[in-house]
Amino acid sequence: MTLVADTPPGQVIAPPTPPPAPTSAERWRLRGPLLPALVFTLALTQIPFLMTLFFSIRRWNLLSGGDQGFNWGHNYVDTATDPIFWKSILNTVLITGVSTVLCIAIGLLIAMALNHSFPGRGIARTLAITPFFAMPVAVTLFWRSAMFDPTFGLFGFLSRSVGLPAVSWLSDYPLLALVVLLTWRFTPFGLLIMLAGLQGAPQDQLEAAQVDGAGPFSRFRFITLPHLRPFIELAALLLAMNLIQTFGEIALLSAGGPAYATTNITYYIYLKAFNAFDFGFASALGVVALVLTIALVSPVLRLLSGIFQSEGRR
Amino acid sequence: MRFSLPRRRATRLTAGLAAASLAVVPLAACTTDGSGAGTAPGGTVTINVALAANPQMKTAESLISDFEAKNPGIKVKFTTLPENDLRPAVTKDVATNAGQFDVAMVGAYEVPIWAQKGWLVPLDDYVAKDTAWDAADLTTPIKDVVSGQDGKLYGAPFYGSSSFLFYRKDLAKKAGVTISQTPTWDEVQAAAAKMDDKADGVSGLCLRGLPGWGQNLAAITTVINTYGGRWFDESWNPQLTSPETEQAVQFYVDSLRKYGQPDAAKDGWEGCLQQMSQGKTAMWYDDTVFAGSVIDQATPEVKDNLGFAMAPTGPSGKASGWLWSWGLGITKSSKNADASWKFISWVTSKDYIKLAGEKAGWDSIPPGSRKSTYEIPEYKQAAASYADLTLKSINAATPKAPTVKPVPYTGVQYVQIPEFVDIGDYTSQQIAGAIAGTQSVSEALQKSQDYTTKAVKTAGLLK
């Protein structure tokens, strides 16, 4: 029983009655306006998915044979026994994982530098985030011919100018070259989120710690970093979602080669579907890749959502 | 893409750049837009034309007002796509009978396959009626390569090309070597060894290393042919691990690794075109159609010293310049076949070649398709260093008997079966690995042999 100050003495307020359960018609009145969006989403996501499932159990190569028909699990057996498929999965994990970690680490370092005020900070910030807004195709062609190329590129020029032979990046370290390019392109994204996190860092705690004699490293380790944790996790999730779909960079940098060294799952499905026109096999590849992605990502998502909940209580 | 990605035979870097910009949205090519076709109320017919975004085609697009002035009832709507995107877009359109395009640009590899599937309309009846088009003037090998197995013409050739050797006369002289007009691969390698000058940043030769059945594999397959190798024996047993094939691929990889451009596994024709025109390499083996492009883009020093020679031959003595053509075909689903032929007739005619030469410059005409092109005085003068050799190379190509030993397929630098795209891409990836040095040539070929065996078994070719 709760007494409220302005109620007349002796009068007891009844506990609030729950609102009457809405009638069916009312429920539909509330849901109705959402339906078009729902139908739109379902049509654009679920129908293609069901079609993919359907294609994946069929023999359907646009160019050869011509006879379509069910071959049931055959495409899936081919997928499971295809060494290039597993290589592309491994490449996808490596490309996504390493680039994500690097983007966040480098992004955090630059964000910490940019978080201090110094003359020209506005210009520095703009320059730091520019790579993210450059077109991926333009970026890739630029890196390919103006950076990595041993003859015409900057790296080749630099190593020659100190008397070393130029490195053949795309022959000798193709995967590393791709990661370098992706990291360059996506670091500004990590930087933006880290910068937002740093700007919301608890200044009072940081000052108190400084007064108590904590050094810069301790302040970072015990105050800034715990504060940044949800930001880092969010950046990791969003970056991984972007990086897992890498396509243009691979197509243009190395055409997935040499010997499939830079082929990720997206590019491999493209090769099978739109180069070899084997839609049945490509659909099966897509389905298996989806299952693997869900298996890998859902534990991460569960972990993240748990953290976000505990964040509210902190 | 096919890139690219995939076949890239366009003639300038710009096409590669454009290809690049669309390669990121391969699925965009999937939209089926049937609008725009058909007869408008005013009696005007609109035909939809799908073209590859190569410079010669761009020129055609810019000169279309000439066609529309001559044919008042017909409007032409172009869809110009980079090669790597053109192929999926048009294949999907004709295979599913969607009817988006009336006229499609189809490569030499696809024409007979598509003709057999009934995706293209035979052009013989139109050709017979249209005497001004003059079918007898077409260069014979090019005409053959865009005809079906039934002997009918399915693609009107827009341009045709073969492969030959580009070299720098000044560098050859400096190194004390002479390149004959009909060199052998051994001579080319020896010359490359002498002209290779790493200290000066000039490689001995430039060859395609980039994976793709239309990239490194086109060049490698011609070398395999000259060494007496072949893709398949008469009963479709893959021959990739045969001694001749292995020797040829080993030669190609060794030449590139010892005297080739640095980081060779990343260069397709685009990369070599840049190397050659910027004076970074002494020799280049590639498509005849790039002769104009090199001269166009070359530094003055390179421009004055360019020499050309026939495609090198190997130990077997077999000449193996490749053969390629972009043809224009009428799709089965077109409702405006007559108007479509009028457009094709215009753009592949002798008059068009003259028009392009006069309006856009003699570098930008579509070469190789017609004999009469090589009798135009202005063109003979503008292309003096390579025109005759181009024609000679085209006439020397033997797509119907590409190898020393008999084979069940046609095609010099490809195998004309639908499965070749897949097999070829796989093999080209593996060989690119050997060029990059991550695996040996015999490993690469063994993997390719296994993959190819499986593919031709699945296709029902190999029993």
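Chain letters run A, B, ... following the sequence lines, proteins first and then strands; every chain starts at 1. Please read all numbers here as calculations on a predicted model, not as lab measurements.
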### Message
If only side-chain N and O atoms count, and only distance matters, is there a donor-acceptor pair under 3.5 Å linking A:S56 with A:N75?
### Response
no

### Query
Can a donor-acceptor pair be found between the side chains of B:Q429 and B:D425 at a distance below 3.5 Å?
no

## Note on the structure
Ranked by heavy-atom pairs below 4.5 Å to chain B, first place among A:A166, A:S168, A:A261 goes to A:S168

### Message
Rounded at 0.5 Å granularity, tell me how far CD1 in A:I269 sits from CZ in A:F281.
### Response
9.5 Å

#### Entry: Toward chain B, the part of A:D278 with a non-hydrogen atom under 4.5 Å
neither

### Message
Using heavy-atom distances under 4.5 Å, tell me whether B:Y426 contacts chain A through its side chain, its backbone, both, or neither.
### Response
both

### Message
Is B:A434 close to chain A through its backbone or its side chain, or both, or neither, when contacts mean heavy atoms under 4.5 Å?
### Response
neither

### Task
Sort B:K280 into side chain, backbone, both or neither according to what part of it lies under 4.5 angstrom from a heavy atom of chain A.
side chain

#### Entry: A:S88 and A:T263: CA distance, side-chain angles, deciding distance, side chain to side chain donor-acceptor pair (under 3.5 Å) verdict
CA-CA 5 Å; A:S88 70; A:T263 298; over 6 Å; no

### Atom pair CD/OH of B:E110 and B:Y414 - distance to nearest 0.5 Å
9.0 Å

### Message
Need one label for B:K454: side chain, backbone, both or neither, based on atoms under 4.5 Å from any heavy atom in chain A.
### Response
side chain

#### Entry: Contacting region of A:R160 [heavy-atom separation from chain B under 4.5 Å]
neither

### Message
Is A:D78 close to chain B through its backbone or its side chain, or both, or neither, when contacts mean heavy atoms under 4.5 Å?
### Response
side chain

### Query
When only pairs under 4.5 Å are counted, which of B:Q430, B:K198, B:Q439, B:K447 shares the most heavy-atom pairs with chain A?
B:Q430

### Message
So, taking the atom named OG in A:S171 and the one named CG in B:D263, what distance separates them when rounded to the nearest 0.5 Å?
### Response
4.0 Å

### Summary
Bottom line for B:Q261: the part with an atom under 4.5 Å from chain A's heavy atoms is neither

### Query
Taking all non-hydrogen atoms of both residues, which atom of B:G118 and which atom of B:K332 are closest, and how far apart?
O-CD, 3.0 Å

### Query
Side chain, backbone, both or neither: which part of A:I84 has an atom under 4.5 Å from a heavy atom of chain B?
side chain

### Query
Have A:Y267 and A:N91 got a donor and an acceptor in their side chains that come within less than 3.5 Å?
no

